[in-house]
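Following: one structure in structure tokens, then a few remarks.
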Amino acid sequence: MEQCPNFVLYNQQSFDELYISETLINMLKKSCEDREFSGQYYGISAKESAKLLSAERNEYLNMIALLSDRVQKLKKINLKFEKDITLQQNADYSSR
């Protein structure tokens with residue numbers, strides 16, 4: 001069975017997009033943490049911010065962590081897919 005040579009390219013492009021998404025997620029997480037710790041939310045002090053917004057922050061950070069976990073899982077799937085494609089292509093080339 002002959003494999004479409006574009007599978008590896010599509011997989012790499014998909015992995016690249018996941019990597020970029022992961023970077024953006026990490027930037028968002030850091031931005032949320034930095035804003036709270038510097039008191040940028042609602043124009044209040046960092047001490048007041050920590051007390052008033054810890055529940056809100058935790059909710060957002062938990063959602064960000066869940067999203068980050070999903071991206072990690074997708075990256076692992078992509079790597080496995082790429083490995084399987086490469087193994088199949090090598091087997092096809094060897095059998096010729």
Side-chain angles (χ1 to χ4, degrees):
M1 171 193 271
E2 190 170 319
Q3 295 290 322
C4 175
N6 289 331
F7 282 165
V8 174
L9 176 63
Y10 297 149
N11 190 64
Q12 184 59 51
Q13 289 172 340
S14 174
F15 188 85
D16 291 346
E17 291 301 320
L18 287 170
Y19 185 81
I20 291 167
S21 297
E22 180 181 43
T23 300
L24 291 170
I25 291 166
N26 290 334
M27 289 171 58
L28 176 62
K29 179 181 177 188
K30 180 153 178 43
S31 176
C32 287
E33 291 171 342
D34 290 349
R35 284 190 179 157
E36 179 172 350
F37 296 140
S38 67
Q40 291 179 11
Y41 286 120
Y42 310 114
I44 59 179
S45 72
K47 186 175 182 179
E48 291 170 339
S49 176
K51 284 195 296 190
L52 295 173
L53 300 172
S54 61
E56 179 184 356
R57 174 196 60 121
N58 287 339
E59 185 176 323
Y60 286 120
L61 291 175
N62 285 338
M63 286 187 286
I64 291 169
L66 290 172
L67 183 57
S68 182
D69 288 345
R70 302 313 296 185
V71 169
Q72 285 294 322
K73 287 179 182 182
L74 286 170
K75 284 173 58 180
K76 287 179 183 178
I77 291 168
N78 271 32
L79 289 172
K80 185 177 183 306
F81 182 66
E82 182 176 2
K83 180 182 174 185
D84 289 349
I85 290 170
T86 303
L87 289 173
Q88 181 63 44
Q89 285 179 338
N90 289 341
D92 289 346
Y93 293 136
S94 297
S95 65
R96 290 183 186 174

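When side chains are defined from C-beta on, Val8 does not count as touching Gln12, because their heavy atoms never get closer than 4.5 Å. Residues Ile85 and Phe81 form a side-chain contact, since some pair of their non-hydrogen atoms from C-beta on lies under 4.5 Å apart.
Applying the 6.0 Å contact sphere to NZ of Lys75 captures more than 12 heavy atoms from other residues, nucleotides or ligands.
Counting side-chain heavy-atom gaps under 4.5 Å among Ile, Leu, Val, Met, Phe, Trp and Tyr, Leu87 is found in no cluster with other residues.
From Ile25, atom CD1 reaches atom CD1 of Ile20 across 12.0 Å, with rounding to the nearest 0.5 Å. Separating the CG atom in Leu67 from the OG atom in Ser21 is a distance of 8.0 Å, to the nearest 0.5 Å.
Salt-bridge formation is not detected for the pair Asp69/Lys73: no Lys NZ or Arg NE/NH1/NH2 atom is positioned less than 4.0 Å from an Asp or Glu carboxylate oxygen.
Under a hydrophobic-cluster definition in which Ile, Leu, Val, Met, Phe, Trp and Tyr are linked whenever side-chain heavy atoms come within less than 4.5 Å, directly or via other members, Met27 and Ile64 are assigned to different clusters. Follow the hydrophobic side-chain contacts under 4.5 Å out from Val71 and you never reach Phe15; the two are in separate clusters.
Remark: of the listed residues Thr23, Ile77, Asn78, Asn78 is the sole one forming a side-chain contact (heavy atoms from CB on, under 4.5 Å) with Leu18.
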Yes or no on side chain to side chain contact (heavy atoms under 4.5 Å, CB included) for Gln88 and Asp84, after CA distance, side-chain angles and deciding distance? CA-CA 6 Å; Gln88 181 63 44; Asp84 289 349; over 6 Å; no

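No donor-acceptor pair closer than 3.5 Å links the side chain of Asn11 to the backbone N or O of Phe7.
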